[in-house]
S.K.: 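Below are the structure tokens for one structure; questions will follow.
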Amino acid sequence: MPKDFGIGASTKRREDVRFLTGKGRYTDDINLPNQLHVAFLRSDKAHGLLKGVDTAEASRMPGVVRVFTGADFEGVGGLPCGWQVTDREGNPMQEPGHPVLARGKVRHVGDPIAAVVADTQERARDAVEKISADIEELPAVVDMRKAVVAGSPKVHDELTSNLCYDWGFVEENREKVDQAFAGAHHVTTLELVNNRLVANPMEPRVAVGDYTAHNGESTLYTTSQNPHVIRLLMGAFVLSIPEHKLRVVAPDVGGGFGTKIFHYAEEAFCTFAAREIGRPVKWTSSRSEAFVSDAHGRDHVTRIELALDADGVFQAIRTETFANMGAYLSTFAPSVPTWLHGTLMAGNYGTPLIYVNVKAVFTNTVPVDAYRGAGRPEATFQLERVIDKAAIEMGMDPAEIRRKNFITKFPYATPVAVEYDTGDYNATLEKLLSISDRDGFEGRLAASKAKGRLRGFGLNCYIEACGIAPSQLVGQLGARAGLYESATVRVNATGGVVVMTGSHSHGQGHETTFPQVIADMIGIDPGMIEIEHGDTANTPMGMGTYGSRSIAVGGSAMVRAAEKVIKKAKKIAAHLMEASEGDIELADGKFTVAGTDKELAWGDVTLAAYVPHNYPLEDIEPGLEETAFYDPANFTFPAGAYCCEVEVDPDTGAVTVERFSAADDFGNIINPMIVSGQVHGGLAQGIGQALLESCLYDVNGQLVSGSWMDYAMPRADDVPSFSVDHSCRTPCTHNPLGVKGCGEAGAIGSPPAVVNAVVDALRRAGHTHVTHIDMPLSPSRVWAAMNANG
Amino acid sequence: MKVSMKVNGTGMSGEVEGRTLLVEFLRGGLGLTGTHVGCDTSQCGACVVHVNGEAVKACTMFAAEADGAEVTTIEGMANADGSLSTIQQAFQDHHGLQCGFCTPGMVMSAAALLKENPKPTEAQVREYLEGNLCRCTGYHNIVKAIMAASGQAVEMTAAG
């Protein structure tokens with residue numbers, strides 16, 4: 001019988017009960033006494049000179065307490081960027097300022113210009129309409145390739161151009177790669193777009209600032225994936241508040257997907273205004289506001305070339321990518337198209353030579369930063385698409401060309417500077433072919449044909465790098481932060497355990513999975529274990545949750561802290577049982593002495609730690625609480641193989657996903673039910689990117705898809721039920737749990753499978769001129785591809 | 001103006017403006033924050049409640065329009081003894097929620113669906129949920145939970 005708790009059990013989530021009964025406490029549920037509300041005036045122009053802001057009438061509106069403009073933030077720092085990339089010549093990227101409220105210029109639709117603080121949200125919004133901003137409109141720069149042409153209007157006048165950086169990786173390999181292409185048997189080339197997306201967590205962002213005069217402390221409640229990072233960035237760089245006078249709380253958070261990592265202007269504004277006014281100040285984003293103020297994702301334009309020998313063995317890869325930064329550098333934006341993208345360009349394959357060039361470009365659009373997968377989906381998409389195209393050109397089977405090039409020996413050092421510790425790509429591919437019933441495809445194809453539909457089968461592999469670390473390495477790569485994680489394990493006198501973690505759960509289920517690990521280590525009832533996260537006041541400095549790092553890095557920190565606790569508890573037990581420390585064993589909540597029948601309950605030892613009457617005080621201190629900071633030795637490298645079967649309506653070009661299968665290797669797994677759920681969600685986002693979602697700007701920089709009326713979110717009948725398998729497991733070799741992380745795999749691995757399947761469907765139906773269609777594969781694009789003169 | 005309504009079986013009243021939406025009154029006026037606001041175009045369904053037994057997006061109705069009505073919110077869905085109702089329990093059993101933000105609306109919509117169609121097919125569940133967005137689950141386990149709540153056999157939590 002399967003376990004119902006402990007590592008490997010599909011334990012039901014304890015946090016569900018509060019969410020299912022309406023007792024969750026999200027940031028918008030927090031209302032403080034005497035609270036005020038803020039509404040922002042945002043630019044409706046993509047680019048313009050801000051010549052003046054007249055707030056006189058707004059200030060006289062009912063309920064208005066104060067109106068702020070950029071001038072009020074003269075003495076305040078700008079929003080900092082947390083990662084500095086250096087260009088091909090070793091020069092630092094161009095790094096423009098990012099004011100909390102616009103000064104001198106507006107640079108994207110949604111750029112905040114002024115803010116009204118009033119007694120109700122409605123009155124604040126009413127008063128915003130009475131502010132008059134004098135904006136002299138300038139030509140907007142929207143297209144990245146036009147933005148870097150000489151003479152293009154500049155987003156930031158103080159910079160030499162709109163080019164943030166021109167990055168080459170690995171620059172020393174450039175000539176060797178060029179030589180390999182010059183002598184290649186075959187070169188497959190593909191130009192493609194990785195469409196701009198909006199993360200769209202269901203909970204819009206919210207910030208509540210508070211200031212208590214008696215102790216001079218500021219508190220920010222915010223919808224964040226990493227409250228400590230917000231405390232550090234906002235305190236140190238924007239508002240000059242030391243950490244001990246600034247508390248950041250991220251309570252229940254309704255999804256993040258990357259867009260709630262970053263430090264935003266509204267957080268700094270509410271904290272600042274609360275101190276200025278002396279009353280709490282709350283901002284709740286509307287969905288429409290989220291579209292023009294949440295950092296967007298993806299938005300790459302890429303040309304990729306793959307050189308092959310006559311047998312289809314990969315010889316070299318060369319890419320050139322334009323990556324949109326938007327109008328300002330969001331917190332981690334520069335790292336996404338570089339260190340989170342170029343380092344993954346080897347994929348699952350032993351290509352010996354790789355060169356990646358990325359030009360990051362400023363445009364008059366909302367800042368772009370990490371969105372679920374962040375750089376890795378962009379790498380996977382181009383690589384797996386160009387491989388499918390190469391298979392077509394070489395007359396090879398898509399599975400066979402991949403198999404032929406798989407890395408099979410580990411550890412494996414890629415030519416793009418990372419070392420994969422473990423993996424078994426043949427195992428996940430074979431598992432995929434089995435669970436997807438590839439052998440039955442012909443029968444399903446015939447059935448589709450019989451009802452007048454085209455049918456296609458697409459597969460791909462993926463690899464990702466999770467648990468971003470180690471700190472020394474990322475520091476060399478330009479990170480302005482460490483990337484460890486922390487945990488404090490506090491054992492109370494009566495034996496209950498509280499784990500205070502720097503990781504943050506916004507749907508991942510840490511309150512269930514983290515106790516599963518501790519319960520196994522000690523052997524106590526999981527009801528005795530509590531997880532605290534999200535409040536800088538009672539958790540150690542941590543880096544938060546993103547990049548599938550919680551269990552791999554945060555879980556490891558927790559294990560290390562628990563090991564320290566257990567080591568100390570064994571010393572106490574040894575003293576109490578008059579035995580040698582080395583003979584003490586802990587299992588099922590009992591300490592025993594090897595080779596004897598002596599035993600002590602967990603609670604007896606924990607009580608002794610706090611009532612140290614009979615206690616080795618000369619050797620150890622009372623109490624039972626330990627903290628660990630865990631800095632991993634390497635990334636983790638989950639990998640897998642995905643496939644998609646689609647039907648296409650030949651009359652309309654409409655695509656339906658009929659089957660989707662995923663075979664993942666996540667290493668060891670704590671809770672299989674939660675892991676499957678993470679994959680399901682990622683798949684829906686990836687299918688959404690491939691078929692539905694498009695964040696579209698017109699030539700004037702107006703956001704055309706700025707609400708859920710216009711931006712096509714995947715709905716329940718847009719996706720099928722999924723077939724998900726994670727039985728292939730090659731444990732990570734360098735963390736104590738052997739785990740790899742699973743949060744982003746679905747979103748990384750699924751877009752190429754969908755596009756590969758649609759291209760396959762069209763080619764099987766005789767449209768052999770079709771080798772690629774850009775995402776999203778809307779009916780009109782698919783229909784146009786089918787009907788293009790080939 | 002003053003409005004009065006029976007919410008989760010208890011008579012409640014409060015002062016609202018003409019423009020106050022039902023969801024604003026429930027959250028702000030009555031402190032029933034289980035009902036969520038995910039959008040401003042009535043697309044997401046996070047605010048679904050039952051008004052006189054019908055599923056309604058509480059952002060599409062003024063509080064004043066609900067004067068005198070019987071309203072049920074997520075806070076009123078558990079059994080009388082406080083245990084989870086069949087639908088709520090199915091969501092937990094089948095991992096039909098992650099961040100929990102869309103969940104109240106999903107549960108309220110699921111309850112309305114099963115009242116209307118006690119044994120829906122998977123396709124009918126997916127079609128009915130057109131008005132409820134979820135960004136976390138990919139809908140897979142929500143559909144499974146609703147099928148299970150309807151008493152129909154479903155594969156248990158995906159392991160392996």
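All values reported here derive from a predicted model rather than from experimental measurement. A note on names: the letters A, B, ... follow the listed sequences, proteins ahead of strands, and every chain is numbered from 1.
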S.K.: Look up atom OG in Ser42(B) and atom CE in Met709(A), then write down how far apart they are to the nearest 0.5 Å.
M.R.: 8.5 Å
S.K.: Evaluate Asp16(A) against Gln88(B) for side-chain contact (heavy atoms from CB on, under 4.5 Å), listing each step before the verdict.
M.R.: CA-CA 9 Å; Asp16(A) 288 359; Gln88(B) 289 169 318; over 6 Å; no
S.K.: Please tell me if the side chains of Gln89(B) and Leu20(A) come closer than 4.5 Å, counting only heavy atoms from C-beta onward.
M.R.: no
S.K.: Do side-chain atoms of Asp40(B) reach the backbone of Ser288(A) as a donor and acceptor pair under 3.5 angstrom?
M.R.: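 Confirmed, Asp40(B) side chain pairs with Ser288(A) backbone.
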S.K.: Counting only heavy atoms from other residues, nucleotides and ligands, does the tally under 6.0 Å from CD of Glu130(B) exceed 12?
M.R.: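 For Glu130(B), atom CD is crowded (more than 12 foreign heavy atoms under 6.0 Å).
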S.K.: Looking at Leu32(B), Leu84(B), Thr103(B), Thr137(B), which has the largest count of heavy-atom pairs under 4.5 Å with chain A?
M.R.: Thr137(B)
S.K.: Find the distance between CD1 (Ile74(B)) and NZ (Lys23(A)) and round it off to the nearest 0.5 Å.
M.R.: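 Ile74(B) CD1 to Lys23(A) NZ: 9.5 Å, rounded to 0.5 Å.
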S.K.: What do you reckon, is CD of Gln152(B) surrounded by more than 12 foreign heavy atoms closer than 6.0 Å?
M.R.: yes
S.K.: Counting only heavy atoms closer than 4.5 Å, note whether Leu133(B) contacts chain A via side chain, backbone, both or neither.
M.R.: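 Contact with chain A: backbone and side chain both.
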S.K.: Looking at Ser285(A), Gly746(A), Gly509(A), Pro720(A), which has the largest count of heavy-atom pairs under 4.5 Å with chain B?
M.R.: Pro720(A)
S.K.: Name the region of Ala199(A), side chain, backbone, both or neither, that has any atom closer than 4.5 Å to a heavy atom of chain B.
M.R.: backbone
S.K.: Can you list the steps and then say if Glu75(B) with Thr21(A) is a side-chain hydrogen bond (donor to acceptor under 3.5 Å, both in side chains)?
M.R.: CA-CA 5 Å; Glu75(B) 287 91 345; Thr21(A) 53; over 6 Å; no
S.K.: If you count heavy atoms of other groups shown closer than 6.0 angstrom to NZ of Lys2(B), is the number above 12?
M.R.: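 No - once you tally the heavy atoms of other residues, nucleotides and ligands closer than 6.0 Å, there are 12 at most.
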S.K.: Side chain, backbone, both or neither: which part of Gln678(A) has a heavy atom under 4.5 Å from chain B?
M.R.: both
S.K.: Under a 4.5 Å heavy-atom cut-off, does chain B meet the side chain of Val675(A), its backbone, both or neither?
M.R.: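 Looking at Val675(A), nothing touches chain B.
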S.K.: Non-hydrogen atoms of chain A under 4.5 Å away: do they reach the side chain of Val107(B), the backbone, both or neither?
M.R.: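 When you check distances to chain A, only side chain atoms of Val107(B) fall under 4.5 Å.
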S.K.: Heavy-atom distances under 4.5 Å only: say whether Ser721(A) touches chain B with side chain, backbone, both or neither.
M.R.: both
S.K.: Identify the heavy atoms of Gly138(B) and Ala684(A) that sit nearest to each other, and give their distance.
M.R.: CA-CB, 3.4 Å
S.K.: Is it the backbone or the side chain of Val125(B) that comes under 4.5 Å from a heavy atom of chain A, or both, or neither?
M.R.: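 Interface part for Val125(B): neither.
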S.K.: Between CZ of Arg19(B) and CG of Asp126(A), what distance do you get to the nearest 0.5 Å?
M.R.: 4.5 Å
S.K.: Taking Gln98(B) for the side chain and Gly677(A) for the main chain, is one N or O donor matched with an acceptor at less than 3.5 Å?
M.R.: yes
S.K.: What distance do His506(A) atom NE2 and Cys136(B) atom SG have between them, rounded to the nearest 0.5 Å?
M.R.: 9.0 Å
S.K.: To the nearest 0.5 Å, how far apart are NE2 in His95(B) and OG1 in Thr512(A)?
M.R.: 9.0 Å
S.K.: Of the non-hydrogen atoms in Cys39(B) and Trp708(A), which two are nearest, and what is the gap between them?
M.R.: CB-CE3, 3.5 Å
S.K.: Would Arg25(A) and Thr33(B) count as a side-chain contact (heavy atoms from CB on, under 4.5 Å) if you check the C-alpha gap in whole Å, the side-chain angles of each, and the deciding distance to 0.1 Å?
M.R.: CA-CA 8 Å; Arg25(A) 186 169 178 260; Thr33(B) 55; over 6 Å; no
S.K.: I need the minimum non-hydrogen distance between Pro204(A) and Gly38(B), along with the two atoms involved.
M.R.: CG-O, 4.0 Å
S.K.: Please lay out, stage by stage, how Tyr139(B) and Val719(A) fare under the test side-chain contact (heavy atoms from CB on, under 4.5 Å).
M.R.: CA-CA 8 Å; Tyr139(B) 304 100; Val719(A) 290; 3.9 Å; yes
S.K.: Do the ring planes of His36(B) and Tyr26(A) sit parallel (below 30°), tilted (30 to 60°) or perpendicular (above 60°)?
M.R.: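 It falls in the perpendicular class, over 60°.
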S.K.: Given that the side chain runs from C-beta out, which part of Asn31(A) has a heavy atom under 4.5 Å from chain B: side chain, backbone, both or neither?
M.R.: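 Contact with chain B: none, neither part.
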S.K.: Quick one: what part of Thr41(B) sits under 4.5 Å from any heavy atom of chain A, side chain, backbone, both or neither?
M.R.: both
S.K.: Can you tell me which portion of Gln508(A) sits under 4.5 Å from chain B's heavy atoms? Options are side chain, backbone, both or neither.
M.R.: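 Neither part, no heavy atoms under 4.5 Å.
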S.K.: Quick one, Asp93(B) with Arg13(A), criterion salt bridge (charged side-chain N to carboxylate O under 4.0 Å, His left out). Give me CA distance, side-chain angles, the key distance, then yes/no.
M.R.: CA-CA 9 Å; Asp93(B) 290 347; Arg13(A) 299 200 325 169; over 6 Å; no
S.K.: Write down the atom of Gly255(A), the atom of Cys99(B), and the distance for their closest heavy-atom approach.
M.R.: N-CB, 3.3 Å
S.K.: Checking salt bridge (charged side-chain N to carboxylate O under 4.0 Å, His left out) for the pair Asp718(A)/Arg126(B): CA distance, chi angles, key distance, verdict?
M.R.: CA-CA 9 Å; Asp718(A) 292 319; Arg126(B) 287 183 181 277; over 6 Å; no
S.K.: Does any heavy atom of chain A fall under 4.5 Å from the side chain of Phe101(B), the backbone, both, or neither of them?
M.R.: both
S.K.: Answer yes or no: is there a side-chain heavy-atom contact under 4.5 Å between Gln43(B) and Arg715(A)?
M.R.: yes
S.K.: Given 3.5 Å as the limit, does a donor-acceptor pair link the side chain of Arg135(B) with the main chain of Phe257(A), or not?
M.R.: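 It does not hold such a pair.
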S.K.: Between the main-chain N or O of Phe722(A) and the side-chain N or O of His140(B), is there a donor-acceptor pair closer than 3.5 Å?
M.R.: yes
S.K.: As an exercise: rank Leu129(B), Asn132(B), Thr35(B), Leu97(B) by heavy-atom pairs under 4.5 Å with chain A and give me the winner.
M.R.: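 Among the listed options, the one with the most contacts to chain A is Leu97(B).
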S.K.: In terms of side-chain heavy atoms, does Gln92(B) have a donor or acceptor partner in Arg14(A) at a distance below 3.5 Å?
M.R.: no
S.K.: Can you tell if the side chain of Cys134(B) reaches within under 4.5 Å of the side chain of Met202(A), non-hydrogen atoms only?
M.R.: no
